[in-house]
A.B. asks: 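Here it is, the structure in full.
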Amino acid sequence: MQPPRGMHDLLPEVFKVHKFITETALVIGQHYGFQPMSTPLVESMDVFCRSLGDVSDIVSKEMYELIQKGSERLVIRPEGTAGIARSVISNGLTQSLPLKFISYGPMFRYERPQKGRTRQFHQISVELFGFPGSLGDLEVITMAYDFLRALGLEKRVTLELNTLGDKESRDAYRTALVDYFTGYKDKLSEDSLIRLEKNPLRILDSKDEGDRAIITGAPLLKDHLNETSRKLFDEVKEGLDTLGIPYKLNPHLVRGLDYYCHVAFEFTTDELGAQSAVLAGGRYDGLMALLGGPEIPGVGWACGLERLALMIDAPEESNGNIALIIGDEDSRLKGLQIAHSLRNGGFTIEPILGSNLGKQLKKADKSGAQYALIMGSEEMARGEVTVKNLKEGSQQSVAFEQITPYFQKESS
RNA sequence: GCGGGUGUAGCUCAGUUGGUUAGAGCGCCAGUUUGUGGUACUGGAGGUCGUGGGUUCGAUCCCCAUCACUCGCCCCA
């Protein structure tokens, strides 16, 4: 038996890393006033077709569609932002701007798995609606930076920054690009010829050697930015400079999805093979309108937990745990009683199985517990329980009713 | 969707130019030690050799298919 392709069990060791990353994001998010929320895993296919665009790879070939009874076409979400935007409209939240959400959960894309890329993957995403201008961009990018720094990754990632401009600027640029690349139609790679039809900006990102030479002479977006777009981007750069957040301009950084505009950014790494982006985002002012809502500006990002998890280890847990060793049948109930009161006192205690004391102590030690609480016939007779400090090797007797106060004192 | 590599014990990996009972280290279980762990020694369990088919007297090994993983392309977090 194997799990479906590209889907993985999150066993405790990895789960712990995911939990650490998620909790870190929630704490940092709280500092910025982002509220946790979530949306269904399943949405109407329309939500993604309208927002991501029919020609995007995600919509055209990567969505899992549900076989179901009604006529509505339902899909399992391939990304998070569209669903959250839909939720904003569904719940009439457009009346209470700005909205600042942080959410996390699994996403599904039918792709070929490789390192850092699975069919079910997990993202944390941050969305900010109703913040026009560079203030919103800066809030979101700064938060991403603080988050990565809290994970200890700020030296191992690079913030790459670009602007796509507003619609007017981008349309003008797209026209210029198409004109330019059409002149090299016989020299472009096969992939880039398709891009020329579907998404000419993508050619700038091509890894093909031949394409690269042609790209060097391609027109630049910065020469097509209108005044508004240029000003916005300058403000973002100035803000990052002031806040001391390092970045690298990458004029070839583009976005595959229709709803993006203005600032686009990616935190990239060279530690994950072909997958370089661990956290990416940008501005999506057009998104709400695409879904039939009012024109509300938005900006946000998403990060991949699997990718981040490949880069970090879970922090060492301070373990004050207690192992309960029950010596015989007659002392079992007393042992459980003591364990129960300790748990109610906020301590972690769990029974250890084993045929004799030696084995049980060995297991207790292996479990990482700091203390072993031995409850056997001798203890029953004395009315005291034996508490052994597994790290130090010392042990002492503690009266049954004194056990919770004893551990309270130990842990203080 | 396209191209390359890999698949032997829970883990990391040997191995068989096609031959009868497939090995090691680590881990696990047990004993030395029937109320005191971490060390040491001794023993033990655990394998459809990814799966299915083919060639062969005989396949873990050769061939085909398939599944999964992996590296890259595409795309993306």
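All heavy atoms count here, side chains included; hydrogens, waters and symmetry mates do not. First the proteins, then the strands, lettered A, B, ... as listed; each starts at 1. Keep in mind that this is a model prediction, so the values were computed, not measured.
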A.B. asks: Look at the side chain of A/E62 and decide which nucleotide, out of B/C73, B/A77, B/C75, has an atom nearest to it.
C.D. replies: B/C75
A.B. asks: Nearest whole angstrom, please: distance from the C1' of B/C69 to the NE2 of A/H8.
C.D. replies: 8 Å
A.B. asks: Any donor-acceptor pair under 3.5 Å linking the side chain of A/S192 with the backbone of A/S189?
C.D. replies: no
A.B. asks: Can you tell me the pairing partner of B/A68 across any strand shown, Watson-Crick or G-U wobble, with both distances under 3.5 angstrom?
C.D. replies: B/U6
A.B. asks: Round to the nearest Å and state the distance from A/R195 atom CZ to B/C75 atom P.
C.D. replies: 4 Å
A.B. asks: Treating A/R50 as the side-chain partner and A/L290 as the backbone partner, does any N or O pair qualify as donor plus acceptor under 3.5 Å?
C.D. replies: yes
A.B. asks: Check this one for me: any side-chain N or O of A/K207 less than 4.0 Å away from OP1 or OP2 of B/C74?
C.D. replies: yes
A.B. asks: Does any donor-acceptor pair link the side chain of A/R117 with the base of B/C74 at a separation under 3.5 Å?
C.D. replies: yes
A.B. asks: Could you measure between the two C1' atoms, the one in B/U56 and the one in B/G15, and give it in whole Å?
C.D. replies: 22 Å
A.B. asks: Which listed nucleotide (B/G35, B/G27, B/C71) is nearest to the side chain of A/K115?
C.D. replies: B/C71
A.B. asks: Rounded to the Å, how far apart are A/Q114 CD and B/G4 P?
C.D. replies: 16 Å
A.B. asks: Classify A/E266 by what it touches in the nucleic acid, base, sugar-phosphate, or nothing, heavy-atom distance under 4.0 Å.
C.D. replies: nothing
A.B. asks: When the distance from CG of A/L310 to C1' of B/A77 is rounded to whole Å, what number comes out?
C.D. replies: 12 Å
A.B. asks: Across the strands shown, which category fits A/S125 at heavy-atom distances under 4.0 angstrom: base, sugar-phosphate, nothing?
C.D. replies: nothing
A.B. asks: Which base sits across from B/U48 as a Watson-Crick or G-U pair, both distances under 3.5 Å?
C.D. replies: none
A.B. asks: Quick one: are A/S103 and A/T39 in side-chain contact, heavy atoms under 4.5 Å?
C.D. replies: no
A.B. asks: Touch check for A/G358, heavy atoms < 4.0 angstrom, all strands: base, sugar-phosphate only, or nothing?
C.D. replies: sugar-phosphate
A.B. asks: Taking atom C1' in both B/C29 and B/G10, compute the distance separating them and give it to the nearest angstrom.
C.D. replies: 13 Å
A.B. asks: Using modelled atom types and a 3.5 Å cut-off, is there a donor and acceptor pairing between side-chain atoms of A/R195 and backbone atoms of A/L201?
C.D. replies: no
A.B. asks: What are the two closest heavy atoms between A/Q120 and A/E306, and how far apart are they?
C.D. replies: O-OE2, 4.0 Å
A.B. asks: May I ask you to decide if A/G298's main-chain N or O and A/D285's side chain share a donor-acceptor pair within less than 3.5 Å?
C.D. replies: yes
A.B. asks: According to the Watson-Crick and G-U wobble definitions, with both distances under 3.5 Å, which nucleotide is paired to B/A22?
C.D. replies: none
A.B. asks: Taking the P atom in each of B/U21 and B/C26, what is the distance between them to the nearest angstrom?
C.D. replies: 28 Å
A.B. asks: So what does A/E306 touch, heavy atoms closer than 4.0 Å: a base, only the sugar-phosphate, or nothing?
C.D. replies: nothing
A.B. asks: Please classify the nucleic acid contact of A/E190 as base, sugar-phosphate, or nothing, using heavy-atom distances under 4.0 Å.
C.D. replies: nothing
A.B. asks: Could you check whether A/G6 gets within reach of a base, just the sugar-phosphate, or nothing at all, counting any heavy atom under 4.0 Å?
C.D. replies: sugar-phosphate
A.B. asks: In whole Å, what separates the P atom of B/U51 from that of B/C61?
C.D. replies: 10 Å
A.B. asks: At under 4.0 Å between heavy atoms, what does A/S189 touch on the DNA or RNA strands: base, sugar-phosphate, or nothing?
C.D. replies: nothing
A.B. asks: Could you let me know what B/U17 is paired to, Watson-Crick or G-U wobble, both distances under 3.5 Å, or none if it's on its own?
C.D. replies: none
A.B. asks: With respect to the phosphate group of B/G35, does any side-chain polar atom (N or O) of A/K388 fall under 4.0 Å of OP1 or OP2?
C.D. replies: no
A.B. asks: Only pairs with both distances under 3.5 Å count, Watson-Crick or wobble alike; so what is the partner of B/C73 in this structure?
C.D. replies: B/G1
A.B. asks: Can you tell me the base-pairing partner of B/A30? Count Watson-Crick or G-U wobble geometry only, both distances below 3.5 Å, and say none if there is no partner.
C.D. replies: B/U42
A.B. asks: How would you label the contact of A/I374 with the nucleic acid (heavy atoms, under 4.0 Å): base, sugar-phosphate, or nothing?
C.D. replies: base
A.B. asks: Any Lys/Arg nitrogen of A/E43 or A/R86 sitting under 4.0 Å from an Asp/Glu carboxylate oxygen of the other?
C.D. replies: yes
A.B. asks: Take atom P in B/U42 and the same atom in B/G47, then report the distance between them in whole Å.
C.D. replies: 25 Å
A.B. asks: Can you measure A/Y110 atom OH to B/G1 atom P for me and round it to whole angstrom units?
C.D. replies: 5 Å
A.B. asks: Restricting to nitrogen or oxygen on both sides, can you table the protein-nucleotides 43-47 of chain B pairs closer than 3.5 Å?
C.D. replies:
none

A.B. asks: Give the rounded distance in Å between these two atoms: CG of A/D205 and P of B/C73.
C.D. replies: 11 Å
A.B. asks: Within this structure, what is the CG-to-P distance between A/L253 and B/A77, rounded to whole angstrom?
C.D. replies: 11 Å
A.B. asks: Can you check whether A/L161 reaches A/F233 side chain to side chain, under 4.5 Å on heavy atoms?
C.D. replies: yes
A.B. asks: Please determine whether a side-chain nitrogen or oxygen atom of A/R5 lies at a distance below 4.0 Å from atom OP1 or OP2 of B/C67.
C.D. replies: no
A.B. asks: Quiz question: going by heavy-atom distance under 3.5 Å, is there a donor-acceptor pair between the base of B/U36 and the side chain of A/Q360?
C.D. replies: no
A.B. asks: Donor-acceptor check, side chain of A/T216 to backbone of A/R212, threshold 3.5 angstrom: yes or no?
C.D. replies: yes
A.B. asks: With no angle test and no hydrogens, is the base of B/G3 tied to the side chain of A/R112 by a donor-acceptor pair under 3.5 Å?
C.D. replies: yes
A.B. asks: Say we look at B/C13 and B/G27: how far apart would their C1' atoms be, to the nearest angstrom?
C.D. replies: 14 Å
A.B. asks: CG of A/L373 versus C1' of B/U36: gap in Å, rounded?
C.D. replies: 14 Å
A.B. asks: Over all strands shown, is A/L279 touching base, sugar-phosphate only, or nothing at heavy-atom distances under 4.0 angstrom?
C.D. replies: sugar-phosphate
A.B. asks: Centres of the A/F108 and A/F121 rings: under 6.0 Å?
C.D. replies: no
A.B. asks: Any side-chain heavy atom of A/K185 within less than 4.5 Å of one from A/L193?
C.D. replies: yes
A.B. asks: Touch check for A/A364, heavy atoms < 4.0 angstrom, all strands: base, sugar-phosphate only, or nothing?
C.D. replies: nothing
A.B. asks: Strictly by Watson-Crick or wobble contacts shorter than 3.5 Å, is anything paired with B/U55, and which nucleotide is it?
C.D. replies: none
A.B. asks: Could you give the distance separating B/G52 and B/C67 at their P atoms, to the nearest angstrom?
C.D. replies: 15 Å
A.B. asks: Roughly how many Å apart are B/U39 and B/C62, using the C1' atom of each and rounding to a whole number?
C.D. replies: 49 Å
A.B. asks: Where each residue is assigned the nucleotide of RNA chain B containing its nearest heavy atom, which of A/R109 and A/K391 is assigned the position nearer the 5′ end?
C.D. replies: A/K391
